[in-house]
2 protein chains.
Amino acid sequence: MSSKNIGTREKILKAAWELLEDNRAKSVRMSDIAKQAGISRQALYLHFPTRAEMLVATARYLDDVKKVDERLAASRAATTGVERLNAFIEAWGNYIPEIYGVAKAFIALQDTDEAAALAWSDRMQAVRHGCEAAVAALKKEGALSPDHSPKAASDILWTLLSVGNWEKLRNDCGWSQKRYIETMKLTARRVLVGEGAQR
Amino acid sequence: MSSKNIGTREKILKAAWELLEDNRAKSVRMSDIAKQAGISRQALYLHFPTRAEMLVATARYLDDVKKVDERLAASRAATTGVERLNAFIEAWGNYIPEIYGVAKAFIALQDTDEAAALAWSDRMQAVRHGCEAAVAALKKEGALSPDHSPKAASDILWTLLSVGNWEKLRNDCGWSQKRYIETMKLTARRVLVGEGAQR
DNA sequence: TGTCAACTTTACACAGTGTCAAGCAAAGGA
DNA sequence: TCCTTTGCTTGACACTGTGTAAAGTTGACA
């Protein structure tokens with residue numbers, strides 16, 4: 001044990017996750033998390049100095065449990081560029097609903113908390129690398145649309161696949177998850193892949 | 001005069017706008033707005049019962065000064081569907097930077113304040129109607145891609161043109177406003193317009 | 001038996017929103 | 001001229017949520 005009780009720390013992270021998961025939008029307070037974890041509010045501060053750092057830890061915990069990086073990396077196995085693009089969209093797009101609660105809390109914190117903003121931007125960079133890899137695969141086989149440089153194409157794909165867009169389509173527009181994935185695949189292909197290599 | 005001093009009310013709205021405009025991200029407090037308007041914090045509450053209602057009024061004031069609805073309506077003058085789509089993207093896309101400060105404050109409020117959420121969603125519905133009109137124009141001349149129903153196409157266009165996407169591309173990806181507009185036009189065409197009628 | 005770590009309880013400082021009440025100054029009747 | 005109303009000021013305070021501080025409890029382990 002490096003320090004503290006490892007069990008309590010995990011209880012906290014799980015509690016935070018659970019609350020963020022279904023308490024959508026409503027602010028999850030430190031006291032709520034403590035109650036959920038079955039400990040005192042102050043014990044929380046023994047493990048995490050601030051709310052922001054606790055959320056960062058929660059995000060890491062989630063990534064760890066859910067294995068995002070592995071899932072994103074798996075999309076690299078596809079042979080053709082388009083297949084790879086599809087695999088990446090599927091991997092990330094299906095991951096979003098699993099982290100949505102935590103993601104939303106992070107996005108809300110971005111304006112007020114420097115550390116949280118940094119942590120979130122770091123996680124989003126991982127997604128960006130996935131976008132860049134998919135675009136590079138297209139480029140390599142000449143399938144990338146001549147309208148976009150690889151950087152521009154990555155920017156577009158990254159923006160397209162943002163949590164905000166997922167939220168809008170699923171919540172505001174009432175799309176199903178399946179439809180979201182399929183439309184994203186189609187859209188990405190239309191925008192990024194050159195006319196000759198659409199399929 | 002219905003009540004209160006109309007001059008002070010406008011001073012407040014202008015002050016709020018100015019602060020939201022360049023105080024990006026940093027939270028603009030009621031006391032900050034009062035100071036900027038040259039009145040006491042309490043006088044603010046004589047005009048607006050809550051921060052949320054003040055922001056709603058600020059948004060309305062902005063729309064009034066900037067004439068969004070007129071600008072969006074102007075895009076309906078275009079003859080062909082694609083031209084209309086372009087005109088709409090240009091009108092709305094160039095409006096975003098002018099309201100970005102206020103928009104951001106609203107988006108931040110969405111989770112905590114019901115009234116603010118409603119007001120913002122109402123404003124976004126206006127944009128949505130513009131999207132629907134542009135899509136309908138495409139559909140009418142058979143230029144709408146067979147991949148999408150009018151509703152789906154509107155959803156996609158609406159999502160594409162969200163403030164969040166503008167923010168990501170301009171701030172995180174470093175795009176120029178001109179580039180944003182041009183790429184959005186191209187993207188919308190690629191995604192929404194059928195193969196035969198791309199230009 | 002003593003000590004240490006993890007946790008509890010209680011209390012408080014601080015920021016920001018929103019409320020309340022008393023006072024003040026100018027405009028405009030009667 | 002006095003009186004009332006309107007729009008504002010000043011100052012105090014309640015409430016919520018975060019984060020700090022300190023003293024007390026409990027159980028493990030040596």
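It should be emphasised that the depicted structure is a prediction, and the values quoted were computed from it without experimental measurement. Just so it is clear: chains get the letters A, B, ... in the order the sequence lines come, proteins before strands, and each one is counted from 1.
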In whole angstroms, how far is the P atom of D/dT18 from the CZ atom of A/F48? 15 Å
Measure CG/A/L55 against P/D/dG19 and give the value in whole Å, please. 10 Å
Verify whether one side chain among A/Q177 and A/W166 offers a donor that lies under 3.5 Å from an acceptor in the other. yes
Keeping B/N165 on the side-chain end and B/T159 on the backbone end, is there a donor-acceptor pair under 3.5 Å? yes
Rounded to the Å, how far apart are B/R29 CZ and C/dC14 P? 16 Å
Check the distance between C/dA22's C1' and B/L46's CG and give it to me in whole angstrom. 14 Å
Could you work out which one of C/dA11, D/dG17, C/dT17 sits closest to the side chain of B/M30? C/dT17
Which nucleotide wins on minimum distance to the side chain of B/R41, given the candidates D/dG19, C/dT19, D/dT9? C/dT19
Grab the OH-P distance between B/Y45 and D/dG7 for me, whole Å please. 20 Å
Parallel under 30°, tilted from 30 to 60°, perpendicular over 60°: which one fits the rings of B/W120 and B/F106? parallel
Protein-nucleotide distance (B/E10, atom CD; D/dG7, atom C1'), rounded to Å: 17 Å
Quick one: is A/H47 getting a side-chain N or O under 4.0 Å of the C/dA6 phosphate, OP1 or OP2? no
How close or far is atom P of D/dT18 from atom CG of A/D113, stated in whole angstroms? 12 Å
To the side chain of A/Q42, which of C/dA11, C/dT19, D/dC8 is closest? C/dA11
Smallest heavy-atom separation, B/R189 atom then B/L85 atom, equals N-CD2, 4.3 Å
Nearest-angstrom distance from the residue atom CZ of A/R9 to C1' of C/dC7: 17 Å
